[in-house]
> 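I have a structure I would like to understand better, so I am pasting it below and will then ask my questions one at a time.
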Amino acid sequence: FNACIIQDILEKGENYGRSDYGNGKKINIEFVSANPTGPMHMGNARGGALGDCLAAVLDWAGYKVTREFYVNDAGNQIAKFGLSLDVRYQQIFKGEDAVELPEDSYHGEDIKERAQQFADIHGDKYMNVSEEERRAALVEFALPLNIDKMHANLDKYRIDYDVWFRESSLYNDGSIEKVVKILTEKGLTYEKDGALWYKNAEVLTERFKAEGKTDKQIEALELKDDVIIRANGNPTYFAGDIAYHYNKFAERGFNKVINVWGADHHGHVARMKGAMEAVGIDGDRLDVVLMQLVNLMKDGQAVKMSKRTGKAITLVDLLDEVPIDAVRFLFNMREAGSAMDFDLGLAVEQSNQNPVYYCQYAHARICSILRKLENEGVKIRKPSKNELMLLSSAEEKDLISHLASLTGLIILAANTYDPAKITHYAGELATKFHRFYNAQRVMTDDESVMQARLHLCLAVKNTIKNVLKMIGISAPESM
């Protein structure tokens, strides 16, 4: 067993841990999808690390994975964005007291900055045009800049999306009309107060009854119908969402769609699954990972504001303060459904208390052992099976058994949508390696034992590197 595992790891190299369990089934995983109307926050930071690591886990488990960002560049948020920019632009020329910024608009400094940049280029030229033309010009100027900034920040966070899907495309290519037509033809819409409504309560009642819920349980949910086309003729966000998910399944042929959402969206999950059933798609092909909030902590105290800006800490603030390796690792230490405290002090600590440092140090330590042996003229040769059988101490057996469990663990993490299993595996692997290293001398007079232990070290090095790569962090050769 020992010999086979070590040989298998070293033969497979950077592919050790991969399997064809998923059979190449197409999975779409959408995560972060922050509004392009302002900076990305802590929820986006956690969702980014979680979604990207989950995508990697699914890829290693043999699925064909597409990472996707849904750009909300249409509908209400953009109208509000245009209004906010418009007020800030007018205030530059008329003064802040002359034009009031409505309470429910965007009040961030980033809006002021974009309005000022626009004014620096165009001056007061747009003060003399219609409100509609002014807002359209402001949005056309500011939105691409914000989307480019999100691209850059997520690149820095080491997230590479395969698709940036624009909500506006659903409005422009008839996708929304298509799903509204399907729902209407099935008798699942009606008109009221000039708007078009979707029979959400009827669809979900049927779904919940099929799941075995009682009438009383369903009644307690207080299900309501939803507007999908407003009285002014504009589709609601929900209508766009139905069209977007229909596009993933019916147009692009994904077997499974996974969304990583904040826990505040939990009420939307059944509604979305029900809407898929309503347009003829099995709602169980849509899965949602709900993610709890993050509390930033330092010295045992909650941290709410950035010292630099005095505002809520953004993704960029976090990446400026904490190494990216630590951010990605620590955000994957807990399963998505657990609220988490992110310790800013621990994240920058270079000690074994910091779990990412501890795992990276195990890799660096093995590299150091190999360098030392090379300097001493020790040649590494391929040991025989009998020599590898000499790895018989409790520490060696425990370490090899853990190495052998990686492929199965990746499949389990893929099935449960829980990338925290991978960070825990990395931590345990580092612990078991350090325990072995402290108990058994690698440099020993028995050449056969030394070669066997060297190959065990190489197998650990290879495996740690693969696991860290899955989490999206580096495997340093010296620390």
Side-chain angles (χ1 to χ4, degrees), residues 22 25-36 39-61 63-72 147 150-165 167 241 244-245 248 252 254-266 268-269 272 285-294 314-316 318-319 324-340 342 410 412-424 426 467-473:
K25 282 184 183 160
K26 287 174 67 180
I27 291 187
N28 177 293
I29 176 161
E30 182 226 320
F31 56 104
V32 180
S33 296
N35 279 340
M40 286 181 282
H41 52 67
M42 277 308 102
N44 303 140
R46 185 179 189 186
L50 184 80
D52 198 43
C53 188
L54 176 54
V57 165
L58 290 160
D59 173 54
W60 278 66
Y63 293 95
K64 191 176 188 317
V65 180
T66 297
R67 290 167 171 84
E68 184 150 316
F69 191 110
Y70 185 48
V71 183
N72 301 126
I147 293 170
M150 289 201 303
H151 263 282
N153 291 338
L154 290 161
D155 280 348
K156 184 178 179 180
Y157 202 17
R158 300 181 194 147
I159 300 176
D160 185 16
Y161 286 95
D162 302 295
V163 176
W164 288 73
F165 190 101
E167 183 186 356
D241 226 7
Y244 175 47
H245 286 81
K248 291 188 196 186
R252 289 189 278 159
F254 287 104
N255 301 96
K256 180 74 82 175
V257 168
I258 303 167
N259 297 334
V260 179
W261 287 347
D264 55 335
H265 285 69
H266 75 96
H268 192 48
V269 178
M272 207 61 243
R285 285 168 61 194
L286 169 65
D287 284 332
V288 178
V289 175
L290 290 173
M291 182 183 62
Q292 292 291 343
L293 293 173
V294 179
T314 64
L315 169 66
V316 179
L318 185 69
L319 298 184
I324 293 166
D325 283 344
V327 175
R328 290 187 59 113
F329 194 96
L330 293 173
F331 273 137
N332 277 302
M333 288 282 291
R334 303 287 301 275
E335 58 184 40
S338 310
M340 76 170 294
F342 187 100
I410 292 171
L412 180 62
N415 281 332
T416 54
Y417 299 162
D418 182 16
K421 286 182 169 43
I422 305 301
T423 44
H424 294 164
V467 171
L468 295 183
K469 184 180 178 184
M470 233 182 296
I471 307 166
I473 65 179

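Atoms considered below: every heavy atom in the structure, side chains included; atoms not considered: hydrogens, waters and symmetry mates. Along the sequence shown, residues carry numbers from 1.
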> For H151, does the NE2 atom have more than 12 heavy-atom neighbours from other residues, nucleotides or ligands under 6.0 Å away?
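Buried by this count: over 12 neighbours within 6.0 Å.
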
> Identify whether the distance between the nearest side-chain nitrogen and carboxylate oxygen of R67 and D52 falls below 4.0 Å.
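Yes, this pair counts.
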
> Can you name the nearest heavy-atom pair linking P36 to I147, along with the distance?
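Smallest interatomic distance, heavy atoms only, reads CB-CG1, 3.9 Å.
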
> Taking the side chain as every heavy atom from C-beta outward, state whether H268 and D241 have any atom pair closer than 4.5 Å.
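Answer yes - side chains close enough.
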
> Would you compute the distance between atom CG of D264 and atom CD of Q292 and round it to the nearest 0.5 angstrom?
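Interatomic distance, D264 CG to Q292 CD, rounded to 0.5 Å: 9.5 Å.
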
> Determine whether more than 12 heavy atoms belonging to other residues, nucleotides or ligands lie under 6.0 Å from atom NZ of K421.
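Result for NZ/K421: enclosed.
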
> Per the side chain to side chain contact (heavy atoms under 4.5 Å, CB included) rule, which among M291, H266, M272 passes with W261?
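Exactly one option meets the side chain to side chain contact (heavy atoms under 4.5 Å, CB included) with W261, and it is M272.
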
> Within a strict 4.5 Å, meaning less than it, do heavy atoms of the I422 and N332 side chains meet?
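Side chain of I422 against side chain of N332, heavy atoms only: no contact under 4.5 Å found.
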
> Got a second to check how far I29's CD1 is from L50's CG, nearest 0.5 Å?
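It comes to 7.5 Å.
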
> Kindly give the heavy-atom pair with the smallest separation between L318 and A45, and that separation in Å.
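What the structure gives for the nearest pair is CD2-CB, 4.3 Å.
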
> Is any side-chain heavy atom of L154 less than 4.5 Å from a side-chain heavy atom of M40?
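Yes. Closest side-chain heavy atoms under 4.5 Å.
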
> Is any side-chain heavy atom of P39 less than 4.5 Å from a side-chain heavy atom of L315?
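No, too far: nothing below the 4.5 Å cut-off.
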
> Do you know which two heavy atoms are closest between V260 and G51, and how far apart they sit?
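Result for this residue pair: CG2-CA, 4.2 Å.
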
> For N44 and Y157: C-alpha separation, side-chain torsions, deciding distance, then whether side-chain contact (heavy atoms from CB on, under 4.5 Å) applies.
CA-CA 11 Å; N44 303 140; Y157 202 17; over 6 Å; no

> Locate the shortest heavy-atom distance separating D418 from L54; write the atom from each residue and the value.
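Minimum heavy-atom separation between D418 and L54: N-CD1, 4.4 Å.
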
> Just one of Y417, Y161, F331 clears the ring pair (Phe, Tyr, Trp, His ring centres under 6.0 Å) bar with F31, so which one?
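Looking at Y417, Y161, F331, the match for F31 under the ring pair (Phe, Tyr, Trp, His ring centres under 6.0 Å) is Y161.
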
> Out of curiosity, F329 CZ to C53 SG, how far, rounded to the nearest 0.5 Å?
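So the CZ of F329 and the SG of C53 are separated by 9.5 Å.
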
> Can you name the one residue among H245, K64, E68 that meets side-chain hydrogen bond (donor to acceptor under 3.5 Å, both in side chains) with N28?
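So the option named by the test is E68.
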
> Would a 4.5 Å heavy-atom cut-off, applied to side chains only, mark V57 and M470 as touching?
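Of all side-chain heavy-atom pairs linking M470 with V57, at least one is under 4.5 Å.
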
> Are any of the side-chain heavy atoms of R334 and T423 separated by less than 4.5 Å?
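Side chain of R334 against side chain of T423, heavy atoms only: no contact under 4.5 Å found.
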
> Roughly how far, to the nearest 0.5 Å, is the CZ atom of F69 from the CE atom of M150?
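Those atoms lie 3.5 Å apart.
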
> Would you compute the distance between atom OG1 of T66 and atom CG of D59 and round it to the nearest 0.5 angstrom?
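Taking OG1 in T66 and CG in D59, the distance rounds to 10.5 Å.
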
> Looking at D155, I want to see if its CG is surrounded by more than 12 non-hydrogen atoms of other residues, nucleotides or ligands under 6.0 Å.
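Yes, CG of D155 has more than 12 neighbouring heavy atoms, counting only those of other groups under 6.0 Å.
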
> Does any part of the side chain of T314, heavy atoms only, come nearer than 4.5 Å to the side chain of N153, both counted from C-beta?
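N153 does not reach T314 side chain to side chain.
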
> In sequence, state the C-alpha distance, the side-chain angles, and the governing distance for K248 and V163, and then conclude on side-chain contact (heavy atoms from CB on, under 4.5 Å).
CA-CA 12 Å; K248 291 188 196 186; V163 176; over 6 Å; no

> With a 4.5 Å cut-off on side-chain heavy atoms, are Y244 and E167 touching?
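No. Closest side-chain heavy atoms not under 4.5 Å.
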
> Mind checking what makes side-chain contact (heavy atoms from CB on, under 4.5 Å) contact with N255, not counting sequence neighbours?
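For N255, the residues satisfying side-chain contact (heavy atoms from CB on, under 4.5 Å) (neighbours in sequence not counted) are K25, K26.
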
> Which value, rounded to the nearest 0.5 Å, describes the distance between I410 atom CD1 and N415 atom CG?
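If I round to the nearest 0.5 Å, the distance is 12.5 Å.
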
> Compare every heavy atom of S338 with every heavy atom of R46, then report the nearest pair and how far apart it is.
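Nearest pair, atom of R46 first, then S338: NH1-O, 2.8 Å.
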
> Step by step, would you call R158 with D325 a side-chain contact (heavy atoms from CB on, under 4.5 Å)?
CA-CA 10 Å; R158 300 181 194 147; D325 283 344; 2.5 Å; yes

> How close do V32 and G47 get, heavy atom to heavy atom, and via which atoms?
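That closest heavy-atom pairing would be CG2-C, 4.2 Å.
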
> Report yes or no: do H265 and N259 form a side-chain donor-acceptor pair below 3.5 Å?
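Looking only at side-chain atoms, N259 and H265 do not form any donor-acceptor pair under 3.5 Å.
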
